Amino acid sequence: MHKAAQRAPPYATAIDFNRAVVYRHNLRLSRRKFALTLAGAPYILRGQPAALRARIKIDTERVIGEIDPLLYGNFIEHLGRCIDGGIFEEKSPLSDANGFRKDVLEAARKLNVTLLRWPGGNFSSNYHWRDGIGPREQRPPRLEMAWGTVESNRFGTHEFLNYVEMLGAQPYICANLGTGAWTDAQQWVEYCNSGEDTAMTRLRRQNGRRDPWKVKFWGLGNEMDGPWQMGHRSAEDYGKFALEAAKLMKWTDPSVKLIAAGSSNFGPGSDWTAWNRTVLEYLRQHADYLSLHLYVGNRGNDFGDFMASSMELDQRTKTAEGIIDAALSGQPGNRKIYIAWDEWNVWYRARGGEKERGRRILEERYNLEDALVIATFLNSFVNHAHIVKIANMAQLVNVIAPIFSNDKGLFLQTIYHPLALFANHVKGKALQLFVDSPKYKSSRFDDVPYLDVSAALDNGQLVLNAVNRHRDQPLAAEFELEDKQFSGPVAVSEVTGPDIKSENDFDQAPVKTVERTAPAEARRLRYTFPPHSYTMLKVKTV
């Protein structure tokens, strides 16, 4: 890094409000704007309110819950170029002997993916797993009706589980409870997990795998509340059907964890709370997680309201938690059911009608404001760590994804950076914070904090994640540590860019993670967050 860059203030704007010093940004601040900034400096020096300010109190004994590493999961589906042409490209010079793209695998490893969901998604509701085992050349191509293509079945159960092992993640298989039968789900568990000598395990050995994989996480179908789903049912019919599948799957392997298909349909006329209540009436003694899905967007080009999207996530998480508590109330034993947000992302540009049919579909290009929303979603998962134990960003490559590839290489989309920071650094215990932040009103929410924050503590290391939702103003924050002291310098990782609409591409990456250090003294840490930015602060406590 250039020495001048190392001496730059901790945000790419004109004023360090903590020191009341004015800087000129060499690249972006025009002479006229610089003069206007200088004119404003005396007001700062006289103590006039020149910046947004926030105060955060931290007590390390106020614990929300353990942060489950499975919050940093991802998802691959037979959709567009996610698998075929994404992670799996047999004839590519960039692939290994298995057909796995080496560059994509390396980028995925750096995301520290902990749980990988497959084969769908909508695709799973008509996927018959036996089509995807055995010699690749003998596997039958099938009409793929979820996304309007032909599925070759060259990437199946063995390929997926081998890929997960190479990635260093855990597998999560979503069973077909759309057009599939109970026995299909049961025998898939048997094929993957059983060590007994049966027809299914003999078939697995015949196909080259002697030892069982012991797949722990299994989905009881996908988005069964959606009319778009093959095999869509009413909540009561789904509950009855999923219960019988769950019984067979757990009798086959009692150690498996089952994820019930909760709400994904929040559209007009839907009753998502009633769906969850009814499903849990049937599955409360068998399901270990309740799946929820949420995609958000900015069709109206309303930055402030888009930045508030995680408040919708917060509301739905709290409501679902209440429904789970009610379902378990009075039940025997001490069963726990957690929330799995196993599909979530920004998705709105490449969506609807013909944009969802064919091979090159859902190839969303992300900008800086999308990355900020992703960071607020991750903050929400951490701030609900006691109940949210699984989260899978949809999806891994090309299809609404943090990684984007072509036949020559790849680039990292803007949303890659906050996800990588959280996945690699945010662990341990989630802390409950006192946050005093200025707020604004959006079209959907009355009180949106400009500063969105989460905190994690692991073996004395404190990680603070902050999103400044203000488009134009920096936000000066003071963190007060109530029961400990800060020790040593603060490692700062900042995701920002020249403009909220800045996008990365194969030949440019204006949105990236910039690292620096900042001081902390005794019990106080002061930092000014740039406009429209996500920042991670990492510091030891004693």
Side-chain angles (χ1 to χ4, degrees), residues 73-96 98-111 113 116-127 131-132 136 139 141-156 159-160 162-164 166-167 169 174 222 295 343-367 370 392-416 419 503-507 509:
N74 214 287
F75 173 35
I76 57 172
E77 182 173 4
H78 296 261
L79 192 176
R81 296 191 307 120
C82 180
I83 293 178
D84 289 335
I87 70 167
F88 184 67
E89 202 167 358
E90 292 180 278
K91 297 180 181 179
S92 171
L94 301 177
S95 297
D96 64 14
N98 297 309
F100 301 143
R101 278 281 294 259
K102 292 181 285 187
D103 54 344
V104 173
L105 179 61
E106 183 60 26
R109 282 174 174 158
K110 291 178 180 178
L111 270 181
V113 176
L116 193 62
R117 181 174 180 247
W118 171 85
N122 296 350
F123 175 86
S124 65
S125 289
N126 195 39
Y127 179 63
D131 290 343
R136 286 183 187 171
R139 298 179 192 176
R142 300 287 189 191
L143 187 65
E144 201 291 288
M145 293 181 284
W147 306 107
T149 59
V150 172
E151 172 54 45
S152 70
N153 282 306
R154 295 181 67 83
F155 185 100
E159 286 79 12
F160 169 66
N162 290 343
Y163 190 80
V164 167
M166 294 174 67
L167 184 59
C174 184
N222 172 75
Y295 295 99
E343 285 190 35
W344 67 274
N345 206 341
V346 173
W347 175 29
Y348 68 102
R349 302 170 184 89
R351 189 171 192 178
E354 290 303 309
K355 294 179 181 179
E356 298 182 21
R357 310 299 294 175
R359 182 57 63 185
R360 297 190 71 96
I361 57 173
L362 278 66
E363 298 196 359
E364 193 102 355
R365 293 296 187 98
Y366 291 106
N367 59 29
D370 300 322
N392 300 80
M393 173 183 272
Q395 296 185 16
L396 185 60
V397 57
N398 294 332
V399 172
I400 51 172
I403 303 167
F404 199 95
S405 72
N406 63 14
D407 58 355
K408 297 179 181 178
L410 60 78
F411 72 90
L412 306 179
Q413 297 236 53
T414 63
I415 64 172
Y416 182 99
L419 184 60
E503 298 180 9
N504 292 350
D505 208 333
F506 288 101
D507 58 354

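Heavy atoms only: backbone and side chains are in, while hydrogens, waters and symmetry mates are out. This is a predicted model, so every value here is computed, not measured. For this chain, numbers begin at 1 and follow the sequence in order.
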Contact summary for [X] and [Y], nearest pair of heavy atoms:
X	Y	result
V113	A169	O-CB, 3.3 Å
F75	A394	CD2-CB, 3.4 Å
V346	Y366	O-OH, 2.7 Å
C82	L396	SG-N, 4.5 Å
S124	P119	CB-CG, 4.1 Å
N398	R81	ND2-O, 2.9 Å

Is there side-chain contact between [X] and [Y], with heavy atoms separated by less than 4.5 Å?
X	Y	result
N367	E503	yes
L79	F123	no
N222	R117	yes
L167	R109	yes
M393	I415	yes

When rounded to the nearest 0.5 angstrom, what distance separates [atom1] in [X] from [atom2] in [Y]?
X	Y	atom1	atom2	result
D505	Q413	CG	CD	8.5 Å
L111	Y416	CG	OH	4.0 Å
F100	L94	CZ	CG	15.0 Å
C174	N392	SG	CG	10.5 Å
N74	E343	CG	CD	11.0 Å
M166	I87	CE	CD1	10.0 Å

Can a donor-acceptor pair be found, under 3.5 Å and without considering hydrogens, that links the side chain of [X] to the backbone of [Y]?
X	Y	value
R101	F88	no
S405	L410	no
N345	I400	yes
E106	K102	no
Y127	G120	no

Next on the checklist: Pair N98, Y163 - check side chain to side chain contact (heavy atoms under 4.5 Å, CB included), show working.
Outcome noted: CA-CA 9 Å; N98 297 309; Y163 190 80; over 6 Å; no
Checklist entry - Is the closest basic N to carboxylate O distance between R349 and E364 below 4.0 Å? => result yes
Checklist entry - Does the distance from a Lys or Arg side-chain N to an Asp or Glu carboxylate O, for R357 and E354, drop under 4.0 Å? => result no
Item to check | Identified side chain to side chain donor-acceptor pair (under 3.5 Å) counterpart of W118 within the set E77, H78, E159 | outcome: H78
Next on the checklist: Test side chain to side chain contact (heavy atoms under 4.5 Å, CB included) on F160 and I76; report intermediate values, then the result.
Outcome noted: CA-CA 9 Å; F160 169 66; I76 57 172; 3.9 Å; yes
Item to check | Distance under 6.0 Å and angle within 45° of ring axis: R365 vs F404 | outcome: yes
Next on the checklist: Walk me through whether T149 and D84 qualify under side chain to side chain contact (heavy atoms under 4.5 Å, CB included).
Outcome noted: CA-CA 12 Å; T149 59; D84 289 335; over 6 Å; no
Item to check | Residue pair R142, N153: steps toward the side chain to side chain contact (heavy atoms under 4.5 Å, CB included) verdict | outcome: CA-CA 8 Å; R142 300 287 189 191; N153 282 306; 3.6 Å; yes
